[in-house]
Amino acid sequence: MYLPPHDPHVDDPMRFKPLFRIHLMERKCATVECMYGHKGPHNGHIQIVKKDEFSTKCNQTDHHRMSGGRQEEFRTWLREEWGRTLEDIFHEHMQELILMKFIYTSQYDNCLTYRRIYLPPSSPDDLIKPGLFKGTYGSHGLEIVMLSFHGRKAKGTKITGDPNIPAGQQTVEIDLAHPLRLPDIENLRDFSELSRIVLEVQEQVRREEQEEEQRQEGEDRSQQAASQPAAQPQGGGEGAEGEETAAGAEGAAQDKAPASQPFVLPMGVISRNEDYPRTCRVCFYGTGLIAGHGFTSPERTPGVFVLFDDDRFGFIWLELKSFSLYSRIKVSFQNAEAPSREAFDEMLRNIQSLAT
């Protein structure tokens, strides 16, 4: 299992923890050992469920228990997972979230089902190389997010989740067709000024979506009313739209050209990591997913995607007045490329359906 570094050190390397091992014996036999807990390897079981899926089961879960009971197990988990003790955490809300995570993760006793995930395919037109990133999520600590590009949209999908937003959900969506021009550094410190800029773009996006819906409805009515298919006019319309899309894409490409500009978080925006870059290349309008505990009342809220360099980006959650900093995971995963774009898109749909 690859674990993120201790919060909030997002640039530190990932940590490695073995969960099970297989001994291949003579005569095509094998033994499976569970590595979970602190009493050494013990008897386990692995079952191949179907293609790209398998399950693990510990046959001696008593090896996971500690003499000091659940309290000792929690304190040990806290030191390993967070690199701190309970006394170091003064915020009551954070204590509650950490305890929820411990209860959730420890209840499975290494009896888990694994499903294959693919790394996102890349294109020369991508803003940066897609891949896996470590991100700060406030009191939830560090989580793993997969950044992928889909035409004029970019998506950040949670690979690890928390009590509010589970793994598989799309945590952020970036609208590459709507770059944001930040104010000068002094005005950028004013949260109300940044909020005004973002909300204006949000209203523009809403109007464009409404116009597109009305245009599509008009085309549908025209097609239904026509006695014969109007092939030539339709073809011309599609061509004009294609030219417009291409022009928009070219404009977006110009906007994403690397050009450093000063950056600072507005006053009142909370960041777990104050060591964020003070220059950025470009910013885009985006939305972030927020919800209550148990993924209740989920909603997409406006925000700002900030590209710092090839390996780091950030997201300002406008409604939460919070900032997440993401840093690329540089572990090399073998044989993790998707066989096709269609296979990758299907995988994204599958993990999201599992989460809901």
Side-chain angles (χ1 to χ4, degrees), residues 127-128 133 135-138 140 143 145 147-158 164-165 169-213 248-249 251-274 276-292 297-309 312-326:
L127 194 64
I128 58 173
F133 290 78
T136 57
Y137 276 84
H140 291 301
E143 299 182 24
V145 168
L147 179 69
S148 57
F149 293 91
H150 308 260
R152 302 177 76 176
K153 300 279 187 182
K155 298 178 181 180
T157 304
K158 278 198 175 186
N164 292 70
I165 308 294
Q169 290 297 324
Q170 189 179 311
T171 175
V172 294
E173 181 177 278
I174 303 101
D175 190 339
L176 300 175
H178 289 88
L180 292 177
R181 298 194 180 278
L182 297 180
D184 59 71
I185 198 70
E186 288 305 317
N187 286 325
L188 182 56
R189 297 179 187 275
D190 183 359
F191 178 80
S192 61
E193 177 64 14
L194 178 65
S195 180
R196 181 190 64 79
I197 294 172
V198 175
L199 293 180
E200 283 182 358
V201 176
Q202 182 188 39
E203 179 60 23
Q204 178 187 346
V205 170
R206 188 188 65 81
R207 288 197 304 269
E208 290 174 359
E209 289 176 346
Q210 284 184 339
E211 291 170 0
E212 175 62 23
E213 289 178 2
Q254 292 175 356
D255 282 317
K256 74 177 184 182
S260 179
Q261 57 181 308
F263 177 81
V264 66
L265 286 176
M267 297 293 291
V269 174
I270 301 170
S271 174
R272 291 286 298 165
N273 192 330
E274 293 297 329
Y276 61 87
R278 292 314 195 263
T279 60
C280 68
R281 289 183 185 175
V282 67
C283 298
F284 290 93
Y285 169 78
T287 59
L289 184 63
I290 63 174
S297 305
E299 61 174 320
R300 303 211 66 86
T301 60
V304 182
F305 172 85
V306 186
L307 178 63
F308 294 115
D309 52 45
R312 289 179 297 180
F313 65 88
F315 191 82
I316 301 175
W317 306 75
L318 215 63
E319 187 168 319
L320 301 178
K321 284 192 173 181
S322 178
F323 174 72
S324 292
L325 176 64
Y326 301 83

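A heavy-atom distance below 4.5 Å is not found between the side chains of Asp175 and Phe284. At least one side-chain heavy atom of Pro277 sits less than 4.5 Å from a side-chain heavy atom of Leu325. Within the 4.5 Å cutoff, the side chain of Trp317 has heavy atoms near those of the Tyr137 side chain. Counting heavy atoms from C-beta outward, Tyr326 and Leu147 have side chains that stay 4.5 Å or more apart. Looking only at side-chain heavy atoms (C-beta outward), Cys280 and Gln261 come within less than 4.5 Å of each other. Residues Phe315 and Val145 are not in side-chain contact: their nearest non-hydrogen atoms beyond the backbone lie 4.5 Å or more apart.
Listed here is the closest heavy atom pair of Gly303 and Val198: O-CG1, 4.0 Å. Pairing each heavy atom of Glu274 with each of Arg278, the nearest pair is O-NH1, 3.2 Å. Of all heavy-atom pairs spanning Asn187 and Pro183, the tightest one is CB-CB, 3.7 Å.
Here CZ of Phe313 is found 9.0 Å from OG of Ser324. Values are rounded to the nearest 0.5 Å. Atom CZ in Phe191 sits 11.0 Å away from atom CG in Leu265 (nearest 0.5 Å).
The salt bridge (Lys or Arg N to Asp or Glu O under 4.0 Å) check on Glu193 picks up Arg196, with sequence neighbours excluded. Under the ring pair (Phe, Tyr, Trp, His ring centres under 6.0 Å) criterion, Phe308 pairs with Phe263, not counting sequence neighbours. Under the side-chain contact (heavy atoms from CB on, under 4.5 Å) criterion, Thr301 pairs with Ile290, Glu299, Glu319, not counting sequence neighbours. Take Ile165 and apply the side-chain contact (heavy atoms from CB on, under 4.5 Å) test, not counting sequence neighbours, and it matches Lys158, Asp162, Gln169, Leu289, Ala291, Phe295. In this structure, the salt bridge (Lys or Arg N to Asp or Glu O under 4.0 Å) partners of Asp309, at least two apart in sequence or on a different chain, are Arg312. Remark: Lys321 pairs with no residue by the salt bridge (Lys or Arg N to Asp or Glu O under 4.0 Å) rule, at least two apart or across chains. Legend: residues meeting side-chain hydrogen bond (donor to acceptor under 3.5 Å, both in side chains) with Thr287, ordered by chain and number and at least two apart, are Arg300. In terms of the side-chain hydrogen bond (donor to acceptor under 3.5 Å, both in side chains) criterion, Glu211 has no residue partners (sequence neighbours excluded). Every residue two or more places apart in sequence or in another chain that forms a side-chain contact (heavy atoms from CB on, under 4.5 Å) with Gln202 is listed here: Leu199, Tyr285, Pro302. For Ser148, the side-chain hydrogen bond (donor to acceptor under 3.5 Å, both in side chains) criterion is met by His150, not counting sequence neighbours. Scored by the side-chain contact (heavy atoms from CB on, under 4.5 Å) test, Thr157 finds Leu348, Ile351 as partners (sequence neighbours excluded). For Arg206, the side-chain hydrogen bond (donor to acceptor under 3.5 Å, both in side chains) partners are Glu203, Gln210, not counting sequence neighbours.
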task: Decide yes or no on side chain to side chain contact (heavy atoms under 4.5 Å, CB included) for Phe305 and Leu127, but give the supporting numbers first.
output: CA-CA 12 Å; Phe305 172 85; Leu127 194 64; 3.8 Å; yes

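In this structure, a donor-acceptor pair under 3.5 Å is absent between the side chains of Gln204 and Glu200. Side chains of Asp190 and Ser192: a donor-acceptor N/O pair is present below 3.5 angstrom, by distance only.
Considering Ile174, Val304, Leu307 as possible partners of Cys283, the one that fulfils the side-chain contact (heavy atoms from CB on, under 4.5 Å) test is Val304.
With a 6.0 Å radius and a threshold of 12 heavy atoms from other residues, nucleotides or ligands, Ile270 has its CD1 atom at or below the threshold.
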